[in-house]
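Report on one structure; see the data block that follows.
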2 protein chains.
Amino acid sequence: MDTDSVLKLDNQLCFAVYACSREFTKLYHPLLKELGLTYTQYITLLVLWEEDRMSVKKLGERLYLDSGTLTPLLKKLENMGLLTRVRDKQDERSVIIALTEQGARLKERAIEIPEKLFCQAGISPKEAEALRAQITDMLKKVQKLPL
Amino acid sequence: MDTDSVLKLDNQLCFAVYACSREFTKLYHPLLKELGLTYTQYITLLVLWEEDRMSVKKLGERLYLDSGTLTPLLKKLENMGLLTRVRDKQDERSVIIALTEQGARLKERAIEIPEKLFCQAGISPKEAEALRAQITDMLKKVQKLPL
DNA sequence: GGCTATTAAATTGTATACAATCTATTTGCT
DNA sequence: AGCAAATAGATTGTATACAATTTAATAGCC
């Protein structure tokens, strides 16, 4: 590719990923609205539905988000009555996030979302999985870089 | 995939794309900082370097961004002296964005960025292009959906 | 021509993201 | 024990994103 082509927006992998991410989020929006959640709040709960009781630090590692994003987000979910934030007695530096009854129950209603989305988007589960694996590979590659 | 697996974060295509997008942007950050640009400002200029003089509307279609995001961003780039915002005489509803001398010149320095990135990330141009094509396909699919 | 619908930007309000910094706690070392 | 370095969250400041609404201008229709 010549020097001019590499600067073309349509040739840039990063832009494709960036635009795709935002369009995907828009697709989630109406479905999540029914649950009263934003996308970031939703993926935070996904992690907790898999494994309840987790430090902010570990949550951040799973979501690739730092405390600057998570702290206000978790405070909001706490105010909504979906989780609790409690200092770890063993290590007072950490804060343990745990689902409330209500937060745990919300999982039932969230189950339908992934399927609805695939149907809407017309993406087959097989090709979705193939693409997800490739993107995850790249994510690991990009994330591991020494800054 | 069973009902529980679809809710697992690591199985979700959307999350992979979302996390990858943010990690990619972080990779750009130090390189763009040298030019005094953010990622969104950079891709806006990419479009204008390809085709100068364009309405906010058209710019938004290329970038998948709306006026709510673009208006403040373009005002900032205007203040930085990189572009001008002028009402279209033919259609006073539109605003035409045009590069200044300085904005056009910045392209020279931006040329190096894509190559530096690929080297850093250890992604071969060939696999990047293959992945970009797949993601763009999905983007089109997701974006065309009737809301 | 005159009125309604549509369109393009701008504005408003809410929710992220993240770099950089700060605070409190704990670890590791002597 | 005592202290420097490291760690986990919280805070601050800046820059997006985007839904929803508003404003101004144009297009379409009678």
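All values below come from the heavy atoms of this structure, side chains included, with hydrogens, waters and symmetry mates left out. Chain letters run A, B, ... following the sequence lines, proteins first and then strands; every chain starts at 1.
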Can you tell me if B/Lys76 touches the phosphate of D/dA15, counting only side-chain N or O atoms and a distance under 4.0 Å to OP1 or OP2? yes

Quick one: is A/Tyr39 getting a side-chain N or O under 4.0 Å of the D/dC18 phosphate, OP1 or OP2? no

Indicate the ring-plane relationship of B/Tyr28 and B/Tyr42, choosing parallel, tilted or perpendicular according to the 30° and 60° boundaries. tilted

When the distance from NE2 of B/His29 to P of C/dA20 is rounded to whole Å, what number comes out? 7 Å

Least distance between heavy atoms, A/Ala16 atom then B/Thr136 atom: CB-OG1, 3.8 Å

Expressed in angstrom and rounded to an integer, what is the separation of A/Leu70 atom CG from C/dA19 atom P? 14 Å

May I have the distance from A/Arg85 (atom CZ) to D/dT11 (atom P), rounded to whole angstrom? 8 Å

Just how far, in rounded Å, is P of D/dA17 from OH of B/Tyr18? 12 Å

Closer than 4.0 Å, any side-chain N/O of A/Ser94 to the OP1 or OP2 of D/dG9? yes

Comparing A/Arg22 with A/Ile96, nearest DNA chain D nucleotide closer to 5' gives the residue A/Ile96

Specify the separation, in whole Å, of atom CD of B/Gln90 and atom P of D/dA24. 22 Å

With a 4.0 Å cut-off on heavy atoms, is B/Thr69 in touch with a base, just the backbone sugar-phosphate, or nothing at all? base

For atom CE of A/Met54 and atom P of D/dG9, their distance in whole Å: 12 Å

Quick one: label A/Lys58 by what it contacts on the DNA or RNA (base, sugar-phosphate, nothing), any heavy atom closer than 4.0 Å. nothing

Could you label the plane-to-plane angle of the B/Tyr18 and A/Tyr39 rings as parallel, tilted or perpendicular, counting under 30° as parallel and over 60° as perpendicular? perpendicular

How would you label the contact of A/Ser55 with the nucleic acid (heavy atoms, under 4.0 Å): base, sugar-phosphate, or nothing? sugar-phosphate

Tell me the interatomic distance from A/Tyr28, atom OH, to D/dC18, atom C1', rounded to whole angstroms. 18 Å

Under 3.5 Å, is there an N or O donor on one side and an acceptor on the other linking the side chain of A/Ser67 and the base of D/dA10? yes

Distance check: side-chain N/O of B/Thr71 vs OP1/OP2 of C/dA9, anything under 4.0 Å? no

Check this one for me: any side-chain N or O of B/Lys33 less than 4.0 Å away from OP1 or OP2 of D/dT14? no

A/Asp10: which of B/Arg132, B/Arg62, B/Lys140 passes salt bridge (charged side-chain N to carboxylate O under 4.0 Å, His left out): B/Arg62

Nearest-neighbour nucleotide for the B/Arg87 side chain, C/dT26, C/dA10, D/dG9 considered: C/dA10

To the side chain of B/Asp66, which of D/dA19, D/dG9, C/dA24 is closest? D/dA19

In whole angstroms, how far is the C1' atom of C/dA15 from the CG atom of A/Leu65? 13 Å

